[in-house]
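Source: prediction; values computed, not measured. Below, chains carry the letters A, B, ... as their sequence lines are ordered, and counting in each starts from 1.
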Amino acid sequence: MSRVCVAERCMGLLPALLVGVLLLALSGASGPARGQGLSALERQMEAVVRDSWGDAPGVEARRLVQDDTQLECSRVRNEPGDALRERIQKRELARISYPEGGLVLGDPVAGERYAKDGYGGRVGRLRPDDPARPRGGNCQACHVLEPRDGIGGTLGPSLAGFGIGLGTRPVAVRYVYDRIYNSHAVNPCSEMPRFGYHGFLTRQQILDIAAYLLMPDSPVNRIEPPGSEPAGTVRPLP
Amino acid sequence: MSKSLLPILAVVLLLVPLPSIGLAQTPAASDVADSIAEYRRMLREGNPGELWVARGKRLYHTPRGPNGVSLDACDLGLGPGELEGAFAALPRYFEDAGRVQDLESRLVFCMTHLQGFAREPLLREAFSSGERESDLEALAAYVASRSNGYPLAVELSHPRELEMYRIGEGLFHRRSGPLDLSCATCHSREQRRIRMHGLMNIHNPAQVRDVMGSWPTYRVSQGTVRTLQHRMWDCHWQMRLPDVGYGSDATVALILFLNEQARGGEVDVPGVRR
């Protein structure tokens with residue numbers, strides 16, 4: 001309802017708005033990185049971003065520059081049509097790098113730590129994380145991880161019992177690795193971060209988390225006896 | 001109440017037991033929401049945020065700064081000295097500044113232009129930290145409290161306001177950073193939690209009204225009043241982005257967008273939040 005009311009008011013002021021937009025476009029507000037191909041509104045947004053984070057040191061400010069997939073998914077509000085889906089999936093699949101020795105499940109205990117640890121990656125003058133301390137993947141912020149996990153988030157699906165049925169077959173390991181390394185390669189415009197692509201987690205950390213998710217004796221896959229607590233959703237192979 | 005009582009009061013309040021949230025079993029989301037609502041209700045009966053309002057009132061009306069004047073001549077949109085309901089209609093376009101400003105960027109404008117304070121130290125110390133108090137947190141709490149009972153109603157009549165609204169809406173959905181996040185990642189679905197913390201859904205007007213009408217808010221976990229500018233900084237910091245400028249256009253655009261979604265929500269500040 002409020003959007004309609006904004007649109008109505010906007011109509012009356014359209015000429016003034018257009019002049020403003022035109023002036024901004026002419027004043028050279030277009031970005032150096034991807035000046036072309038951006039709409040007038042997007043160019044305004046980029047100018048505001050550059051100005052609003054003007055004090056950030058260069059290495060930090062680079063985080064604000066969108067890559068192709070971030071821009072495309074933002075534009076379609078994470079609902080790409082078939083053609084865009086295909087293009088993103090192909091591109092992101094090619095951006096996955098695999099370890100030399102192949103995909104071998106890592107250490108599930110270390111994996112559990114990374115899955116639950118939310119430390120790392122924060123920058124700025126006010127409260128930066130220590131870059132020397134290992135980063136966690138913070139999976140638990142968005143996922144319930146275990147059948148007895150009472151503090152996991154609900155932005156992503158529950159992973160309780162995730163490995164049951166999947167097992168530790170190569171196809172399962174590959175799926176989990178790809179999913180964590182670059183979720184857009186599996187589900188274009190996924191809301192999940194591309195942990196490997198951005199170098200947020202190392203390849204070994206991803207294999208450790210994969211072990212935690214898939215190994216049958218992991219707390220993820222230890223379903224309580226009937227009558228205690230309902231198990232989370234068991235996810236089928238894609 | 002004297003300043004020295006503040007830390008003691010804060011400690012006492014932190015000792016108020018939280019309604020037990022059993023971690024051993026998964027609590028139903030509604031139970032958690034209920035107990036948090038109950039916790040808030042209990043705290044409201046003695047909201048420590050009122051101390052910030054009282055301090056802000058003193059600061060606002062006392063001659064200060066190099067020019068030795070109070071903020072009584074500050075125009076928050078309804079004319080100099082008109083405080084009643086002013087916050088409920090912010091952000092808005094200000095002719096004298098040539099830009100759209102929210103409460104806090106407007107306060108900075110008045111403190112620099114009227115009182116003669118230097119801008120940089122104000123921005124640097126806008127958020128209290130440890131023992132260091134922030135005048136802006138107190139001033140914002142006071143001015144916002146003078147809109148209590150008023151419905152949130154941004155004007156969106158000036159072309160720059162409309163432009164900033166659209167920019168704010170765009171920024172809300174703009175993904176960036178090493179975690180590919182946007183505001184919408186966390187705030188566009190119903191009944192979602194990040195760990196145990198419930199997340200506002202931008203598409204649920206009742207929730208947006210409740211949130212936008214309750215900042216500045218006393219934050220129990222931080223023992224201080226925090227403002228909307230701090231909320232903007234905090235979200236971007238969690239998204240692994242650099243510090244967003246205090247009162248910057250990005251924050252003003254987002255607040256304008258949010259307040260339009262919250263239109264009609266009643267201002268009731270300072271709130272109390274975790």
Side-chain angles (χ1 to χ4, degrees), chain A residues 1-3 5-6 9-10 13 16-17 19-21 41-42 44-45 48-49 51-57 60-61 63-66 69-71 73-74 77-78 118 121-127 140-142 144 148-155 183-184 191-195 198-200 229, chain B residues 21-27 29 124 127 129 156-160 162-167 169-171 173-182 184-186 188-189 191-197 199 205 233 236-238 240-245 248-253 260-264:
Chain A
M1 193 181 78
S2 52
R3 265 191 206 168
C5 116
V6 167
R9 295 188 204 191
C10 184
L13 289 153
L17 198 72
V19 170
V21 166
L41 174 62
E42 284 167 343
Q44 284 182 304
M45 284 163 54
V48 164
V49 166
D51 179 65
S52 300
W53 276 272
D55 292 340
E60 290 184 7
R63 295 183 173 204
L64 292 153
V65 178
Q66 289 181 299
T69 294
Q70 288 173 337
L71 175 65
C73 291
S74 300
R77 306 270 161 93
N78 301 319
R122 295 179 190 83
V123 294
R125 182 178 57 84
L126 295 178
R127 240 182 116 185
Q140 199 172 28
C142 299
V144 168
R148 303 283 289 182
D149 178 352
I151 60 170
T154 58
L155 286 162
S183 58
H184 294 256
E191 301 198 9
M192 179 168 152
R194 293 168 289 176
F195 290 100
H198 286 296
F200 203 90
E229 190 73 21
Chain B
I21 295 168
L23 295 186
Q25 76 272 2
T26 310
R124 206 167 43 240
F127 303 145
S129 168
L156 284 180
S157 54
H158 192 279
R160 274 295 289 163
L162 279 163
E163 195 175 282
M164 286 288 271
Y165 172 86
R166 304 230 171 273
I167 290 170
E169 182 181 31
L171 291 178
H173 292 93
R174 183 185 185 274
R175 299 180 70 169
S176 68
L179 295 181
D180 298 319
L181 300 175
S182 72
T185 311
C186 288
S188 57
R189 296 227 168 76
Q191 293 279 327
R192 298 299 159 110
R193 288 184 285 113
I194 188 153
R195 292 191 187 259
M196 290 300 284
H197 315 309
L199 295 162
W233 169 81
H236 287 99
W237 171 76
Q238 289 287 18
R240 275 54 174 185
L241 296 175
D243 295 330
V244 64
S248 59
D249 278 352
T251 60
V252 173
E260 171 61 18
Q261 309 311 306
R263 177 175 292 281

- Per-residue contact mode, A/Asp55 against chain B (heavy atom under 4.5 angstrom):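 For A/Asp55, there is no contact with chain B at all, as no heavy atom is under 4.5 Å.
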- Item | Part of A/Val49 within contact of chain B (heavy atom distance under 4.5 Å) | side chain
- Message: At a heavy-atom distance under 4.5 Å, which candidate from A/Ala141, A/Ala56, A/Gly118, A/Gly124 has the highest pair count against chain B?
- Response: A/Ala141
- Message: Which one wins on heavy-atom pair count under 4.5 Å against chain B: A/Thr69, A/Asp51, A/Val48?
- Response: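 Looking at each option in turn, the highest pair count goes to A/Val48.
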- If every non-hydrogen atom of B/Asp180 is compared with every non-hydrogen atom of A/Met192, which pair is closest and at what distance?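 B/Asp180 and A/Met192 have their closest heavy atoms at OD2-O, 4.4 Å.
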- Which atom pair, heavy atoms only, marks the closest approach of A/Gln44 to B/Ile167?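 That would be CB-CD1, 3.9 Å.
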Drop me the distance from [X]'s [atom1] to [Y]'s [atom2], to the nearest 0.5 angstrom.
X        : Y        : atom1 : atom2 : value
A/Arg127 : B/Gln238 : CZ    : CD    : 7.5 Å
B/Arg195 : A/Asp149 : CZ    : CG    : 8.5 Å
B/Ser176 : A/Leu71  : OG    : CG    : 11.0 Å
A/Leu64  : B/Arg174 : CG    : CZ    : 6.5 Å

- Heavy-atom proximity to chain A below 4.5 Å, by part of B/Ser182: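 For B/Ser182, neither part sits under 4.5 Å from chain A.
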- Query: Given a strict heavy-atom distance threshold of 4.5 Å, which part of B/His236 is in contact with chain A: side chain, backbone, both, or neither?
  - Reply: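 The side chain, not the backbone.
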State, yes or no, whether a side-chain contact exists between [X] and [Y] at a heavy-atom distance under 4.5 Å.
X        : Y        : result
B/Leu179 : A/His198 : no
A/Thr154 : B/Arg189 : no
A/Leu126 : B/Trp237 : no

Heavy-atom donor-acceptor pair, [X] side chain to [Y] backbone, under 3.5 Å:
X       : Y        : result
A/Ser74 : B/Arg175 : yes
A/Arg63 : B/Pro242 : no
A/Gln70 : B/Gly177 : yes
A/Ser52 : B/Val244 : no

- Among B/Leu181, B/Leu241, B/Leu199, who wins on heavy-atom pairs under 4.5 Å with chain A?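 Option with the greatest count: B/Leu241.
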